[in-house]
Amino acid sequence: MEYSPLSIKELIGEKGDEQKTMDQVDVQVVAEYAAEDADVTWQLRGLFAPLLKEKNQEKVFHEVECPLIEVLVGMEYEGISLDTEALLQISESLVLDIQTSEKTIYEMAGREFNLNSPKQMGEVLFGEMKLVEKPKKTKTGQFMTNEQVLTSLEKKHPICAEILNYRQASKLKSTYVDALPETLNSRTGRIHTTFHQAVAATGRLASSDPNIQNIPIRTERGREIRKAFIPRVSGGLLLSADYSQIELRIIASISGDPGMKQAFEQGVDIHLVTASKVYGIPLDEVSREQRSKSKMVNFGIVYGISAFGLAQRLNISRTESADLIKAYNSEYPGIHKYMEKTIAFAQEHGYVETLTGRRRYLRDINSRNATVRGAAERNAINSPIQGTAADMIKLAMARIHRDLEKGEFQTRMILQVHDELVFELEPIEKEEITKIVEEGMKNALPMDVPIEVDIGVGANWLEAH
DNA sequence: TCTCTGCTCAC
DNA sequence: CAAGTGAGCAGAGAC
């Protein structure tokens, strides 16, 4: 299927020479494209062709996507400031760490090679050092050297941990620390990402040039990078609001499963409750490991689970993972029924849809090839959930943006990261904004379970969490 | 310069 | 074979 994804910048000129400068953009005009001007709406229709293939999609187009356009224009226009001095410091420390790792790895390997080449890495580890008898290979026949493989071999040879350290440091350096400052707009001094409104199959947004939806947070060094995202004025604040467990709440609501609904109504830790149910023990007897495994099962449910996939993720036997899934299905029968019903619907109609009627077509749902069909079945289960979450936050964005304009607030929405919204906060507006954002997010779509939103304020993006 | 591959970052 | 959605980087090779 060939189509041009809608980027707001397509409406305001191509990137590069043709692009209008930020202050030439008439936000109002762009907003009216969709809302009023039928003459221009056809352009949007062209760009949203996949959405409008069926009559049903008109609703998503008019009620979700069109009101969002001016919101995204505003967010791209505002941008976000970057603490380049902090990044420079991180870069220096990464350089030292990378150099040390490099030397150690060369010594352990007995020779120098290009550490950034997975091909050469595989040759060294498995062709020369023979770390394992039967190394896993990629589909092109190269030795596999990814994180999972190296982690599993950490005990066999210290070079594995050193490579993982090297990989992490060089990833952070090349993708974030060195690249982000290059993207600063010379006129505004800020980062202006491009949000893509119609590229993701599920209805999620995507972000590029730079992608601000994959800024590190998991590791200590990664969090340092997130700290470099700061308010535009010194002494200013960022406000971050994120949905708690949104996808599980959506599957609980859509499926109507009483056990999972009750867990959310009572406000208890959903992974703990799941562990208690699956292992058949009281809440206070659940071990860390049991909770952590149950958490992975909950994730697996959202992604469309297979016993094999879960076993691999959890590093447990296939029988154990099959037992976990079996127990899950009987403890949460509503979820199980929902999954079966969704797949049956997809088989009959060739598509699945979200709560607002956003469709995803699944041509492979009746494929005779089990692998291909399995992938389509997982899409059938995941898309309505991920897509409904996307619809919900898109509706919330339009609503909050409208409230900010109506109240003539100085606070601006600046980023969206799937289940999180980030605002450049005018400090004196904090109380009112908190209320507007919380209510806007909670009430975006009618749900049968409580929707929780965590809100934080801080002097940088990390602290706002 | 473009495309593919392998890898890794996020939700 | 075997967990959903994305984007970006470096290497490697085609053109």
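Just so it is clear, the values below take in all heavy atoms, side chains as well, and ignore hydrogens, waters and symmetry mates. Below, chains carry the letters A, B, ... as their sequence lines are ordered, and counting in each starts from 1.
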What's A:Val417 touching, base or sugar-phosphate or nothing? Going by heavy atoms closer than 4.0 Å.
sugar-phosphate
Answer with base, sugar-phosphate or nothing: what part of the nucleic acid does A:Gln386 contact at a heavy-atom distance below 4.0 Å?
base
What contact category does A:Ile217 fall into here, base, sugar-phosphate, or nothing, at under 4.0 angstrom with non-hydrogen atoms?
sugar-phosphate
Assess whether a salt bridge exists between A:Arg223 and A:Glu463, defined as any Lys/Arg side-chain N lying under 4.0 Å from an Asp/Glu carboxylate O.
no
Is the shortest distance from a Lys or Arg side-chain nitrogen in A:Lys442 or A:Glu439 to a carboxylate oxygen in the other one below 4.0 Å?
no
Of A:Tyr303 and A:Met144, the one whose closest nucleotide on DNA chain C sits nearer the 5' end is A:Met144
Boundaries of the DNA chain C segment in contact with chain A, non-hydrogen, under 4.0 Å
C:dC1 to C:dG13
Pick base, sugar-phosphate or nothing for A:Ala375, based on heavy-atom distances below 4.0 Å to the nucleic acid.
nothing
Contact class for A:Ser207 (heavy atom, under 4.0 Å): base, sugar-phosphate, or nothing?
sugar-phosphate
Out of the candidates A:Ile414, A:Ile230, A:Leu238, only one should pair with A:Ser81 under the side chain to side chain contact (heavy atoms under 4.5 Å, CB included) rule; please name it.
A:Ile230
Classify the ring geometry of A:Tyr106 against A:Phe113: parallel below 30°, tilted from 30° to 60°, perpendicular beyond 60°.
perpendicular
Work out how far the P atom of B:dG6 is from that of C:dC1, and round it to whole angstrom.
13 Å
Under a 4.0 Å heavy-atom cutoff, the residues of residues 111-128 of chain A touching DNA chain C are A:Asn114, A:Asn116, A:Ser117, A:Lys119, A:Gln120
If you apply the rule side chain to side chain donor-acceptor pair (under 3.5 Å), what do you find for A:Asp454 with A:Ser244, and how did you get there?
CA-CA 7 Å; A:Asp454 297 323; A:Ser244 156; 4.6 Å; no
Tell me whether the rings of A:His465 and A:Trp461 are parallel (<30°), tilted (30 to 60°) or perpendicular (>60°).
parallel
Might you work through the side chain to side chain donor-acceptor pair (under 3.5 Å) test for A:Arg373 and A:Ser367, ending with a clear yes or no?
CA-CA 5 Å; A:Arg373 188 177 63 246; A:Ser367 168; 5.8 Å; no
Before you tell me yes or no, could you show the steps for A:Tyr332 and A:Thr274 under side chain to side chain donor-acceptor pair (under 3.5 Å), namely the whole-Å CA-CA distance, both residues' side-chain angles and the distance that decides it to 0.1 Å?
CA-CA 9 Å; A:Tyr332 291 127; A:Thr274 302; 3.0 Å; yes
Under 4.0 Å, heavy atoms only, any strand: does A:Glu147 hit a base, just the sugar-phosphate, or nothing?
sugar-phosphate
Under the criterion side chain to side chain donor-acceptor pair (under 3.5 Å), I'd like the reasoning laid out for A:Asn382 against A:Thr202: C-alpha separation, chi angles, the key distance, then a yes or no.
CA-CA 9 Å; A:Asn382 174 263; A:Thr202 55; over 6 Å; no
Checking all strands, does A:Ser383 fall into the base, sugar-phosphate, or nothing category for heavy-atom contacts under 4.0 angstrom?
nothing
Using chain A heavy atoms and a threshold of under 4.0 Å, write down where along DNA chain B the contacts begin and end, 5' to 3'.
B:dT5 to B:dC11
What nucleic acid atoms does A:Arg373 come within less than 4.0 Å of, heavy atoms only: base, sugar-phosphate, or nothing?
nothing
So A:Arg378, base contact, sugar-phosphate only, or nothing? Heavy-atom distance under 4.0 Å.
sugar-phosphate
Exercise: identify the closest heavy-atom pair between A:Arg249 and A:Pro450:
NH1-O, 2.9 Å
Interatomic distance at C1', C:dA3 relative to B:dC4, whole Å
24 Å
For A:Ala201, answer base if it contacts any base atom (sugar-phosphate contacts may also be present), sugar-phosphate if it contacts only those atoms, and nothing otherwise; contact means non-hydrogen atoms under 4.0 Å.
sugar-phosphate
Surrounding CD of A:Glu107 (heavy atoms of other residues, nucleotides or ligands, distance under 6.0 Å), is the total greater than 12?
no
Sidechain N-carboxylate O distance under 4.0 Å for A:Lys119, A:Glu123:
no
